[in-house]
4 protein chains.
Amino acid sequence: MNSSSPKSTSPGRPRDAALDEKILRATLRHLSEYGYSRMSIDAIAEEAGVSKPTMYRRWSGKADLATAALTLVRVAEPPPATGNALDDLKAALRNFSRSLLRPNGMALIGTVLAEEEHTPELLKLFRERLVAPRRAIVRETLRAGQASGEISSNADIEAAANLLVGSFYARYLEGLPIGDDWADRVAGIVWKGLR
Amino acid sequence: MNSSSPKSTSPGRPRDAALDEKILRATLRHLSEYGYSRMSIDAIAEEAGVSKPTMYRRWSGKADLATAALTLVRVAEPPPATGNALDDLKAALRNFSRSLLRPNGMALIGTVLAEEEHTPELLKLFRERLVAPRRAIVRETLRAGQASGEISSNADIEAAANLLVGSFYARYLEGLPIGDDWADRVAGIVWKGLR
Amino acid sequence: MNSSSPKSTSPGRPRDAALDEKILRATLRHLSEYGYSRMSIDAIAEEAGVSKPTMYRRWSGKADLATAALTLVRVAEPPPATGNALDDLKAALRNFSRSLLRPNGMALIGTVLAEEEHTPELLKLFRERLVAPRRAIVRETLRAGQASGEISSNADIEAAANLLVGSFYARYLEGLPIGDDWADRVAGIVWKGLR
Amino acid sequence: MNSSSPKSTSPGRPRDAALDEKILRATLRHLSEYGYSRMSIDAIAEEAGVSKPTMYRRWSGKADLATAALTLVRVAEPPPATGNALDDLKAALRNFSRSLLRPNGMALIGTVLAEEEHTPELLKLFRERLVAPRRAIVRETLRAGQASGEISSNADIEAAANLLVGSFYARYLEGLPIGDDWADRVAGIVWKGLR
DNA sequence: CATGAATGAGCTTTCATTCAT
DNA sequence: AATGAATGAAAGCTCATTCAT
């Protein structure tokens, strides 16, 4: 009844595990493309090629399904460290911006924010699965900068990470292009501010 | 003939101007509380105490109504300049964070992002009415810092503004509290980075 | 409040008589094109360039308006008699078929039939204004045939007229073309049957 | 396993076949009583005792539903041939007139004509299901008359059938009663005209 | 387990009509 | 007399969910 993985040891006809993923993939597509409230269970069922009760047997309802789908989203592995902390930071930011600029990347953030009151699990899971890991990557490069002495040991790493990550949100909200140089520009300012 | 007050300039029953605002206020409330796609014209009409045709006479449909409601949103006047650019910047940021933290402040951003594909006018207007003015305030304080020599004359003001504003988005998305000191923390880093 | 002509001697601002016709013309167009229940007072007002209360001042409602519009419909004058009764009959039938085949000619008949239960005035007026005059023309040519001795003096003129006129309805309902020769074919049969 | 009765041939809950008919009957009633555009899906659903989605699962919309309902209408079997072609013809005509004079019989024709432009499928199906079969019955009796030599072998059967059938329409449109003798009167004329 | 059928509530929009100027 | 504004009622259609097989 919830988004945990189906047990495989129970008696009776086993659940078709492949269906789980097919359904969740379709759900994720609809969630990002249409947003949570527009996303239609009917449409997902059709796209996944299953019937609706098949979905309800796995997840208890729309919210459960959507949050389960978020589980699929994985943050890309950070690029390997080069030894140069500032370069690593810029690479991490470029990585981050690319993932936001994927089709409906920002729309997905939008829908979880919009649903905060109605379906808070969405935002909660989104934070755990996506926001936190992404930020962790940025934070680690900053820590590396501290370790190498380029960044002051008592610098406010937390705030710095928010600044960097947030600058992409802000830029997107303004509707202005986010070129590959953007990472350099914002990293430059913050890096200097952390010395 | 010319009995009194404003000569009735156009024929017919005059439109009740008070209704316009009542409707738009209700719309704005529903838009931020429920999000665009959940927002119901029926419910808005009831809350505003008007009939649905009254709304359709003024706005051509749901999208038109929602965008019109966005027009209502006004960015608060920036606090008066104190002469100290850094203090002014911090005050502007506190202002900004307070407006985001108002009930459903972020949800409104969310719905606008979520609808980008379906109802792009929303995001467009949101940018013009809210995003741009807010950012302008921050930018002006940065400019003042340049004028006073505290900030380098060739500093990347645009990026700095995005960093500062965005840090609130990022912090909110993380789900962590945004205290009044937050403005100090992020302003401190960026200010130093712009020297 | 009803479809009678407006008096011109009453005090106060006189009614704009030209509007009456403009409104009725538009009504008739909508009535035949969309049918009675689809015909929209809003749309008629717009097409006629008047406001709705202007219409309600003249006619008491939709049904009154529609029946008033039917009043406009006039049956074309019969072609002049040639002296040959059979030829005159055929000419009358061709005339009749042409008027039916005008755009929405049959649709108008359809809508008055369809509304018989709901708006019986429509059918009543339609009968008086259109059905009866048209049939009268046909009947007169048959009477002329009697006078000239070509038709038996105790022939069932009434039934014959119905046969002839009705054959066009039946043909139309079948969806088959009604060429100009059709009048000849049906007149031929009936004429012979009346000898 | 194979408990009883027809082995369930297709998976899933079987469709309740009784509902189909209940819905279509109600639809037909509403279609003839109110006409196509007045006929309301809501009202039909209530009368049939089903929910609207149940209807939309079966038919794609209002037009589809209405045309499906027309399918229900069956032309009454012609009375058995007596051997006397003229008598058979008169019996067929009486049959025909009785079916027209059933409540809303003509209103149904009316709505179908009125909707020709908007919902042409209605008229198309009506022609196939009702108009053509009815006319076929009349035509067959005329053919029988030819076979027995009472009617000329090169008589215009088609036109004759239209005359006879149409005379009822015309008579109805005039608003005059159609007694049982009416069939005799029109058949008399045409029969003679075909000799 | 998985299916197709069924449901109740809700949506946006339009209509015929009346009111206030 | 004529206008533009306002209304209550209803329409067609879709959704998330549950039932019966």
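A note on names: the letters A, B, ... follow the listed sequences, proteins ahead of strands, and every chain is numbered from 1.
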Earlier contact from the 5' end, DNA chain F, for D:Arg38 and B:Asp16: B:Asp16
Counting any heavy atom closer than 4.0 Å, what does C:Ser40 reach on the DNA or RNA strands: base, sugar-phosphate only, or nothing? sugar-phosphate
Distance check, rounded to the nearest 0.5 Å: A:Lys124 atom NZ versus A:Thr119 atom OG1? 14.0 Å
Heavy atoms from C-beta onward define the side chain here; which of E:dC1, F:dG12, F:dT17 lies closest to that of A:Ile41? F:dT17
Should D:Arg15 be listed as having a side-chain N or O under 4.0 Å from OP1 or OP2 of E:dG4? no
Can you tell me which nucleotide in E:dA6, E:dC11, F:dA6 comes closest to the side chain of B:Leu19? F:dA6
May I ask you to test the C:Leu123-C:Glu115 pair for a side-chain heavy-atom distance under 4.5 Å? no
With a 3.5 angstrom cut-off on both distances, give the Watson-Crick or G-U wobble partner of F:dA5, or none if there isn't one. E:dT18
Taken to the nearest whole Å, CD/A:Glu46 to P/F:dT14 is 13 Å
Atom CG of D:Leu65 and atom P of F:dA11: how far apart are they, to the nearest Å? 14 Å
Do B:Arg129 and B:Val73 come within less than 4.5 Å of each other through their side chains, counting heavy atoms only? no
Rounding to an integer number of Å, can you tell me how far A:Asp42 CG sits from E:dT7 C1'? 13 Å
By nearest-heavy-atom nucleotide on DNA chain F, the more 5' of D:Ala43 and D:Pro53 is D:Ala43
What's the CZ-C1' distance between C:Arg57 and E:dT18, to the nearest Å? 12 Å
Rounded to the nearest 0.5 angstrom, the NZ-OG distance for B:Lys62 and B:Ser40 is 7.5 Å
Return the value, rounded to whole Å, for the distance between atom NE2 of C:His30 and atom C1' of E:dA16. 15 Å
Would you indicate, yes or no, if E:dA6 has its OP1 or OP2 atom less than 4.0 angstrom from a side-chain nitrogen or oxygen of D:Arg58? yes
For D:Trp59 and F:dG12, give me the distance from atom CH2 to atom C1', rounded to whole Å. 16 Å
Counting just side-chain N and O atoms, does C:Thr54 come under 4.0 Å of either OP1 or OP2 of F:dT3? yes
So for C:Lys52 and E:dT18, does any side-chain atom that can act as donor or acceptor lie under 3.5 Å from a complementary atom in the base? no
Looking at A:Tyr34 and B:His118, would you say the former's side chain and the latter's main chain have a donor-acceptor pair under 3.5 Å? no
Pairwise 5' ranking along DNA chain E for C:Ser37 and D:Pro14, keeping only the more 5' one: D:Pro14
Interatomic distance, D:Tyr56 OH vs E:dG8 C1' [rounded to whole Å]: 15 Å
How many whole angstroms separate atom CD1 of D:Ile23 from atom C1' of E:dA6? 10 Å
Is a donor on one side and an acceptor on the other found under 3.5 Å between the side chain of B:Thr111 and the backbone of B:Tyr36? yes
Within the modelled atom types, does a donor on one side and an acceptor on the other bring the side chain of B:Arg13 and the base of E:dC19 under 3.5 Å apart? yes
Have a look at D:Met39 and say if it touches a base, only the backbone sugar-phosphate, or nothing, with a 4.0 Å heavy-atom cut-off. sugar-phosphate
